[in-house]
Amino acid sequence: MSFDNSSQLDASRVGSGGGRGRGVAVGGGLGGGLLLLVVGLLFGQDGIDAITGGDQDTGSRTSVEQERAERCRTGEDANRYTDCRMIATAQSLDQFWEDYLPRTTGERYVMPGVELFERQIDTGCGAASSAVGPFYCPADETAYLDIAFFDELQTQFGAEGGPLAEEYVLAHEFGHHIQHQIGTLGYAQQDPQGPESGAVRVELQADCLAGLWAGGAAGDTSGAVDLGDISQAELDQALDAASAIGDDRIQETTQGRVSPENFTHGASAQRQLWFYAGYRTGDITACDTFSARDLNAPPAL
């Protein structure tokens, strides 16, 4: 999905550093190589404390942010460069949730941090490497992303890719922040795995919240960032990305069999369905995965 060329980007919205403190991240690792990527790819609930790494050099961060501020100025830049697209996406998400969240829940929207990094980073939930993929840390209320992840999404798991597919990834992490605000994020830790678990319901709700943004922000010209209308092809790309990171597809790819008892994020079809439920309805109550009797059939659909 493209941004109008006249959109005005605020590069300061996205940083290249890390938070401090301790907590439990929505993201984590199991150890080495592809499995580490898989866990991050799924935006999982395991803690990332076991992932070694460290904060990036301060001078290097400053240089990166200065270069980004010069290069990421307009919607045209967002449509050309992935890091600029993440800046524009964060601004679009802010514009949407600043209006939508208080209007529908009475909760004032608090902007999360957004950090783009390379290789490793120090966060409020501990040190993390790029291998964990995108994740949200409630301790410092920040979403973390190495944009090299988007290449892995296509090469390792066969996702089609595309702008809206990439934007969906960040929108999902913002979904975890919204859950942190409305009080549903903690269910993942209370019930960490299984096809009907709290962890699965948390992840599917975040997918649905991402769909809310996609449907509500498209064509909205009221803010500094103007997100264009969504074509069917672009919607299909986002749904394809959601499918690529389903538990069943990941397990089949990495271990040759599906083990529903170990699900932590939802099956491919479920992730697509709940994203689409948010997108089609525009109603946050349609994202109540915790009351859903059948996660394969969102009530709104």
Side-chain angles (χ1 to χ4, degrees), residues 1-17 56 60-100 109 111-118 130 133-134 142-155 159-175 177 209-242 275 279 282:
M1 183 162 54
S2 299
F3 292 90
D4 188 275
N5 287 344
S6 65
S7 295
Q8 297 300 302
L9 274 57
D10 177 7
S12 67
R13 178 64 182 92
V14 170
S16 297
Q56 295 172 304
S60 175
R61 289 202 307 271
T62 302
S63 176
V64 168
E65 291 172 3
Q66 288 176 342
E67 185 275 335
R68 189 178 291 148
E70 295 173 358
R71 184 167 46 83
C72 302
R73 296 177 179 271
T74 68
E76 185 175 3
D77 300 324
N79 297 330
R80 180 178 302 172
Y81 303 111
T82 302
D83 56 346
C84 301
R85 182 178 302 120
M86 291 300 98
I87 293 169
T89 303
Q91 289 181 248
S92 176
L93 283 156
D94 289 337
Q95 289 173 186
F96 173 75
W97 287 113
E98 280 174 349
D99 170 69
Y100 188 89
Y109 174 68
M111 289 197 306
V114 181
E115 300 286 340
L116 303 182
F117 70 100
E118 295 181 7
S130 297
T142 299
Y144 294 91
L145 171 67
D146 184 339
I147 60 177
F149 165 79
F150 297 128
D151 290 333
E152 300 288 351
L153 186 60
Q154 296 181 61
T155 59
E160 183 180 351
L164 186 56
E166 295 177 0
E167 292 157 14
Y168 151 72
V169 171
L170 187 58
H172 177 102
E173 298 308 330
F174 269 62
H177 178 67
L209 296 173
L212 274 183
W213 161 77
D220 181 6
T221 61
S222 61
V225 170
D226 178 2
L227 193 63
D229 293 329
I230 298 176
S231 70
Q232 185 60 51
E234 289 168 332
L235 179 60
D236 288 344
Q237 288 174 343
L239 292 171
D240 175 72
F275 175 86
Y279 174 80

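For the single chain, residues carry numbers from 1 onward in sequence order. Small disclaimer: the values here were computed from a predicted structure and weren't measured.
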### Query
Can you list the steps and then say if Asp77 with Arg71 is a side-chain contact (heavy atoms from CB on, under 4.5 Å)?
CA-CA 7 Å; Asp77 300 324; Arg71 184 167 46 83; 5.7 Å; no
### Task
Check the pair Asp99 / Gln95 against side chain to side chain donor-acceptor pair (under 3.5 Å), numbers first and verdict last.
CA-CA 7 Å; Asp99 170 69; Gln95 289 173 186; over 6 Å; no
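Nearest approach of Asp146 to Glu118, heavy atoms of both residues: OD2-CA, 3.7 Å. Taking all atoms of both residues into account, the shortest heavy-atom contact from Ala11 to Ala69 is CB-CA, 3.6 Å. In terms of heavy atoms, Asn79 sits closest to Ser2 at OD1-CA, 3.4 Å. Here the closest heavy-atom approach between residue Arg68 and residue Ile87 is recorded as CD-CD1, 3.6 Å. Closest approach of Phe3 and Ser92 over heavy atoms only: CE2-CB, 4.3 Å. Here the shortest heavy-atom pairing between Leu212 and Gly282 reads CD2-C, 3.3 Å.
Between Phe117 and Val64, every side-chain heavy-atom pair lies at or beyond the 4.5 Å cut-off. With a 4.5 Å cut-off on side-chain heavy atoms, Glu234 and Pro163 do not count as touching. Side-chain contact check for Asp10 versus Val225: every heavy-atom pair is 4.5 Å or farther apart. Between Gln91 and Leu9 there is a side-chain heavy-atom pair separated by less than 4.5 Å. Side-chain contact check for Phe149 versus Glu166: every heavy-atom pair is 4.5 Å or farther apart.
At least one donor-acceptor pair under 3.5 Å links the side chain of Thr89 to the backbone N or O of Arg85. No donor-acceptor distance shorter than 3.5 angstrom exists from the side chain of Glu115 to the backbone of Thr142, with no hydrogens or angles considered. Remark: the backbone N or O of Asp226 is paired with a side-chain donor or acceptor of Ser7 at under 3.5 angstrom. With hydrogens and angles ignored, the 3.5 Å screen pairs a side-chain donor or acceptor of Gln8 with a backbone N or O of Ser6. At least one donor-acceptor pair closer than 3.5 Å links the side chain of Asp240 to the backbone N or O of Glu160.
Within the model, atoms CD of Gln66 and OG of Ser16 stand 11.0 Å from one another, a figure rounded to the nearest 0.5 Å. We find the CE-NE2 distance between Met111 and His177 to be 9.0 Å, quoted to the nearest 0.5 Å. Here the straight-line distance linking atom CG of Asp4 with atom CG of Leu227 works out to 10.0 Å at 0.5 Å rounding. In this structure, CD1 in Ile230 is found 11.0 Å from CD in Gln237, a value given to the nearest 0.5 Å. Between atom CD1 of residue Ile147 and atom CE of residue Met86 there is a gap of 8.0 Å, rounded to the nearest 0.5 Å. The distance from atom OG1 of Thr82 to atom CG of Leu116, rounded to the nearest 0.5 Å, is 10.0 Å.
Tyr100 and Trp97 have perpendicular rings, their planes meeting at more than 60° on a 0 to 90° scale where under 30° would count as parallel.
Residue Tyr168 is tested with Phe174, Trp213, Phe275 for a ring-ring contact (aromatic ring centres under 6.0 Å, His included); the sole match is Phe275.
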